Asks: 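Got a structure for you, questions after.
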Amino acid sequence: MKISDADFKRLVEFMEGRYGINLKQKRVLIEGRLSNTINQRGFKDFTSFIDMIFADRTGTETINLLNKLTTNHTFFMREAEHYQYMKDVVLPYFEKEKKDRRIYLWSAASSSGEEPYTNIMQLLEYFKGRASMWNLSTLATDISQKVLDMAKTAIYSADSMKNLPESWKKTYFTPEANNCFKVSPEVTKRVEFKAFNLMDNIPYKIYPFDLIFCRNVMIYFELEVKIALVNRLYDVLRPGGYLFIGHAESIPRDRTKFEYVKPAIYRKPL
């Protein structure tokens, strides 16, 4: 099903104005991801489908649209270089410097939960028997309540776990039906899920974050929207804390106070 120029324009403007998401070059993606849904739901064209979305006052249809247009495949231990750097550099630094023995992470686009659960497993693996002496936790946010509800079930396919060490699978998962596995309470109790739109002001300021994961979401944002978000993240990060972004993303170094560490890793100066 093809989308008219007029419908393409109003859909692109809506997504950019509401969520900062740039779909100007994504016409084929829009047609590919929405055509089946439009047919299955009995709409005759993009016009009537978009009219329905704009008329919905519950927000449900907008979130469904967002999920269709931006959701990517995710899995445990995605971009493993981050976890190696976390193990080799970030956590030894925190262990040495943090006298309060609290490490607070934020997974700012957590999707279905694989990232925040991986983060906690990495913390538990690093501290091992010392973990009980530390307050280790992560906030996990996403704009979609649907994917957050999926994450809270903490049940995943074996395929999504293929990048995890075998020892982690044995320690942090229990078998379920249909070749699926459930994340252990030792991990899930340390993750708090909340719905949040990254375009909004960040309300989480009681405890500054030590490490923020904001990966593979800014690829959809216009430059000015991305810079504004990065600066909001800077404000809620502890001095000496780190920001991890996706390896397909970058931050203009002259537009932020962050120190560049290496590709996809930035640090707030002490």
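Every value quoted in this text rests on a predicted model; they were computed, and no experiment measured them.
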Asks: Applying salt bridge (charged side-chain N to carboxylate O under 4.0 Å, His left out) between Glu192 and each of Lys194, Arg190, Lys189, report the one that passes.
Replies: Lys194

Asks: Evaluate Arg215 against His82 for side chain to side chain donor-acceptor pair (under 3.5 Å), listing each step before the verdict.
Replies: CA-CA 11 Å; Arg215 306 190 299 176; His82 279 154; 2.9 Å; yes

Asks: Per the salt bridge (charged side-chain N to carboxylate O under 4.0 Å, His left out) rule, what does the pair list look like for residues 225-241, sequence neighbours excluded?
Replies: Asp210-Arg238

Asks: Would Lys24 and Glu222 pass as an ion pair if we require N to O under 4.0 Å?
Replies: yes

Asks: Is the Phe213 to Trp106 ring centre distance short of 6.0 Å?
Replies: no

Asks: Output every pair passing side chain to side chain donor-acceptor pair (under 3.5 Å) with a member in residues 176-185, not counting sequence neighbours, ordered by first then second residue.
Replies: none

Asks: Could you go through the side chain to side chain contact (heavy atoms under 4.5 Å, CB included) check for Val191 and Ser137 one step at a time?
Replies: CA-CA 6 Å; Val191 182; Ser137 63; over 6 Å; no

Asks: Identify the two heavy atoms, one from Leu270 and one from Gly240, that lie closest to each other, and give their separation to 0.1 Å.
Replies: CD2-CA, 3.7 Å

Asks: Should Arg27 and Asp7 be marked as a salt bridge (Lys or Arg N to Asp or Glu O under 4.0 Å) after you check the CA-CA gap, both sets of side-chain angles, and the distance that decides it?
Replies: CA-CA 11 Å; Arg27 189 174 194 135; Asp7 284 332; over 6 Å; no

Asks: Cation-pi between Arg102 and Tyr207: NZ/CZ under 6.0 Å from ring centre and within 45° of the ring axis?
Replies: yes

Asks: Between Arg10 and Asp51, is there a side-chain N and carboxylate O pair less than 4.0 Å apart?
Replies: yes

Asks: State plainly whether one hydrophobic cluster holds both Ile120 and Met161, where clusters connect Ile, Leu, Val, Met, Phe, Trp and Tyr through side-chain heavy atoms under 4.5 angstrom apart.
Replies: yes

Asks: Are Leu164 and Tyr85 co-members of a hydrophobic cluster defined by side-chain heavy atoms under 4.5 Å apart?
Replies: yes

Asks: Could Glu166 and Lys170 be called an ion pair, given the rule that one side-chain N must be under 4.0 Å from one carboxylate O?
Replies: no

Asks: Do NZ/NE/NH1/NH2 and the carboxylate oxygens of Asp100 and Lys98 come within less than 4.0 Å?
Replies: yes

Asks: Give every residue pair that meets the side chain to side chain donor-acceptor pair (under 3.5 Å) criterion with at least one member in residues 119-132, sequence neighbours excluded.
Replies: Tyr83-Asn119, Glu95-Tyr126, Glu95-Arg130, Glu125-Lys128, Glu125-Trp168, Glu125-Tyr172

Asks: I'd like to know whether the aromatic ring centres of Tyr260 and Tyr266 sit less than 6.0 Å apart in this structure.
Replies: yes

Asks: What pairs meet the ring-ring contact (aromatic ring centres under 6.0 Å, His included) rule with one or both residues in residues 6-31, with sequence neighbours excluded?
Replies: Phe14-Phe54

Asks: Of the non-hydrogen atoms in Leu243 and Leu237, which two are nearest, and what is the gap between them?
Replies: N-CD2, 4.3 Å

Asks: Would Tyr156 and Phe181 count as a close aromatic pair, with their ring centres under 6.0 Å?
Replies: no

Asks: Only counting residues at least two apart or in another chain, list the ones meeting ring-ring contact (aromatic ring centres under 6.0 Å, His included) with Phe173.
Replies: Phe76

Asks: Hey, is the main chain of Met150 close enough, under 3.5 Å, to the side chain of Thr153 for a donor-acceptor pair?
Replies: yes

Asks: Could you pull out all residues at least two apart from Phe193 that satisfy ring-ring contact (aromatic ring centres under 6.0 Å, His included)?
Replies: Tyr117

Asks: Is the shortest distance from a Lys or Arg side-chain nitrogen in Arg78 or Glu115 to a carboxylate oxygen in the other one below 4.0 Å?
Replies: no

